[in-house]
Amino acid sequence: MGFFSSKKKKPVIGLTLSGGGMRGIAHIAVLKALEEYSLKPQIISGTSAGSIIAAFYSLGKSPDEMMDIVRETTFFSRSYLKLSRNGIFSSKFILKLLNDHFPEDDFKVLKIPIYIAATDLTHGIVDFFSEGELFGPLLASSSVPFVLPPVRIGEKVYVDGGVLDNLPIEPIIDKCDFLIGSHVNSISYDGLENMSIMKEFDRILHLAIAKSVYSKAKSCDIFLDPPKMTKFSLFNKKFFDEMFSEVYEYTCTELESKGYKKSEYLI
């Protein structure tokens, strides 16, 4: 804790946000807790849902404002079903969300540097975006295979960044002094009977990518991994208040256990 109480220049705090579909809402709870414990990030990387949360936060939206936006927004509704060969849903609801809240389709409107991970389907590598047009990379990073259509940027075709890198620490690990990772896909081992196709897809996807996530967790100074997150849906927000509350309490408990205290100046 002396690292943060020193009179020397404050360390640059970096934050990496995983993907997770609608579970990405949990990152808002993490951000709320980090602010309250004086761990506000100055640089952020994210993939899929994590990249969208990063963009809204970097735009200047508070965690409470972001929760209001979640309550007001319709995600993965029947009106966006398209059942095409490129995906079950249209990505227009994400584009509408961005158009409704961002003044311009450009990274320059953001107040905090962010890096967005997307999987280059053509070459099988991860690309990181941090300047120029903003909406294309956010759509690309969030394009869950078979659920949302791939996104073409220039000559490349992109899908969800989490396919190859669901904890994209790489672009910021050398740009910060203290790295926090937030992962919202811990596997729940309850309720495996009578799984729906989407639940099975969710489970297979996150079992496949879990090893790479946890190997990189060792590089984080704080790694937040709230338990049994796959009990919450990848595609709907039915229990999002419960999830927010659980993850907020988990994060506060984790930070307290590491010696951090809530700011005395919170109103």
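If you're wondering where the values come from, they're calculated on a predicted model, not measured in any experiment.
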Exercise. Return the minimal non-hydrogen interatomic distance between Q42 and V12, and the atom names on each side.
Key: OE1-CA, 3.2 Å
Quiz item: Do any N or O atoms from the side chain of T73 and from the backbone of V70 form a donor-acceptor pair under 3.5 angstrom?
Solution: no
Self-check item: Check: N99 side chain, L95 main-chain N or O, donor-acceptor pair, under 3.5 Å
Solution: yes
Quiz item: Of the non-hydrogen atoms in D177 and D221, which two are nearest, and what is the gap between them?
Solution: O-OD2, 4.2 Å
Practice problem: Before giving the answer on side-chain contact (heavy atoms from CB on, under 4.5 Å), spell out for I69 and L97 the whole-Å C-alpha distance, their side-chain angles and the decisive distance to 0.1 Å. | Solution: CA-CA 9 Å; I69 291 170; L97 176 68; 3.8 Å; yes
Practice problem: Would you indicate whether the side-chain heavy atoms of S48 and V163 approach each other to under 4.5 Å? | Solution: no
Run the side-chain donor-acceptor check on residues 125-133: report pairs under 3.5 Å with partners two or more places apart or on a different chain.
{"residue": "D127", "atom": "OD2", "partner": "K156", "partner atom": "NZ", "Å": "3.0"}
{"residue": "D127", "atom": "OD2", "partner": "Y158", "partner atom": "OH", "Å": "2.5"}

Quiz item: When you check the gap from the basic side-chain N to the acidic O, do R71 and D241 get nearer than 4.0 Å?
Solution: yes
Exercise. Taking the side chain as every heavy atom from C-beta outward, state whether I112 and P41 have any pair of such atoms under 4.5 Å apart.
Key: no
Quiz item: If you take all heavy atoms of G46 and S141, which pair is closest and at what distance?
Solution: O-OG, 4.4 Å
Quiz item: Is there a donor-acceptor pair closer than 3.5 Å between any side-chain N or O of S186 and the backbone N or O of P226?
Solution: yes
Practice problem: Answer with yes or no whether the hydrophobic clustering places Y37 together with L179; edges join I, L, V, M, F, W, Y residues whose side-chain heavy atoms lie under 4.5 Å apart. | Solution: no
Quiz prompt | Heavy-atom donor-acceptor pair, E35 side chain to K40 backbone, under 3.5 Å | solution = no
Quiz prompt | Value rounded to 0.5 Å, distance of CD1 in I222 from OG in S182 | solution = 11.0 Å
Practice problem: May I ask you to decide if the ring planes of Y214 and H183 are parallel, tilted or perpendicular, using 30° and 60° as cut-offs? | Solution: perpendicular
Quiz item: Going by the ring-ring contact (aromatic ring centres under 6.0 Å, His included) test, which pairs reach into residues 45-70, not counting sequence neighbours?
Solution: F56-H101, F56-F102
Exercise. For residues V184 and A26, report the shortest heavy-atom separation together with the two atoms involved.
Key: CG1-CB, 3.7 Å
Quiz item: Given the rule that I, L, V, M, F, W and Y join up when any side-chain heavy atoms are under 4.5 Å apart, are I173 and L224 in one cluster?
Solution: no
Self-check item: Test side-chain contact (heavy atoms from CB on, under 4.5 Å) applied to S18 and D225, V213, N185, the passing residue
Solution: N185
Quiz item: What is the minimum heavy-atom distance between G136 and V151, and which atoms define it?
Solution: O-CG1, 4.0 Å
Practice problem: Consider only side-chain heavy atoms of I, L, V, M, F, W and Y, link residues closer than 4.5 Å, and tell whether V144 and L138 are in one cluster. | Solution: yes
Quiz item: Taking the side chain from T119 and the backbone from D160, do they hold a donor-acceptor pair closer than 3.5 Å?
Solution: yes
Quiz prompt | Y115 side chain reached by T16 side chain, heavy atoms, under 4.5 Å | solution = no
Quiz prompt | Which atom of A54 lies closest to which atom of L17, heavy atoms considered | solution = N-CD1, 4.0 Å
Quiz prompt | Validation row: L134, L98 side chains within 4.5 angstrom (heavy atoms) | solution = no
Quiz item: Within the side chain of S215, is there an N or O that forms a donor-acceptor pair under 3.5 Å with the backbone of S212?
Solution: yes
Quiz item: Atom OG1 of T122 and atom CD of E155: how far apart are they, to the nearest 0.5 Å?
Solution: 9.5 Å
Quiz item: In the single-linkage hydrophobic clustering (I, L, V, M, F, W, Y; side-chain heavy atoms under 4.5 Å), do L34 and F244 co-cluster?
Solution: yes
Practice problem: Please step through side-chain contact (heavy atoms from CB on, under 4.5 Å) for the pair V247 and H27, ending with a clear verdict. | Solution: CA-CA 8 Å; V247 174; H27 291 311; over 6 Å; no
Quiz item: To the nearest 0.5 Å, how far apart are CG in L167 and OG1 in T47?
Solution: 9.5 Å
Quiz item: How many angstroms lie between CE in M22 and NZ in K237, if you round to the nearest 0.5 Å?
Solution: 6.5 Å
Self-check item: Derivation and outcome, side-chain contact (heavy atoms from CB on, under 4.5 Å), residues F240 and M67
Solution: CA-CA 10 Å; F240 83 98; M67 283 301 287; 3.4 Å; yes
Exercise. Evaluate the criterion side-chain contact (heavy atoms from CB on, under 4.5 Å) for residue pair M229 and Y250; output intermediate values, then yes/no.
Key: CA-CA 12 Å; M229 286 298 289; Y250 162 87; over 6 Å; no
Quiz item: Could you give the distance from CE (M66) to CG (L31), rounded to the nearest 0.5 Å?
Solution: 6.0 Å
Quiz item: Sub-3.5 Å donor-acceptor pair from the side chain of S143 to the main-chain atoms of P150, do we have one?
Solution: no
Exercise. May I ask whether V109 and I44 are part of the same hydrophobic cluster, defined by side-chain heavy atoms of I, L, V, M, F, W, Y residues being less than 4.5 angstrom apart, directly or through others?
Key: yes
Quiz item: Will you find, in the side chains of Y260 and E254, an N or O donor that is under 3.5 Å from an N or O acceptor?
Solution: no
Self-check item: S142 and its side-chain contact (heavy atoms from CB on, under 4.5 Å) partner, picked from V159, I116, I94
Solution: I94
Quiz item: Atom SG in C252, atom CD in E249: separation rounded to 0.5 Å?
Solution: 6.0 Å
Practice problem: Answer whether the closest heavy-atom distance between the side chains of L255 and K262 falls below 4.5 Å. | Solution: no
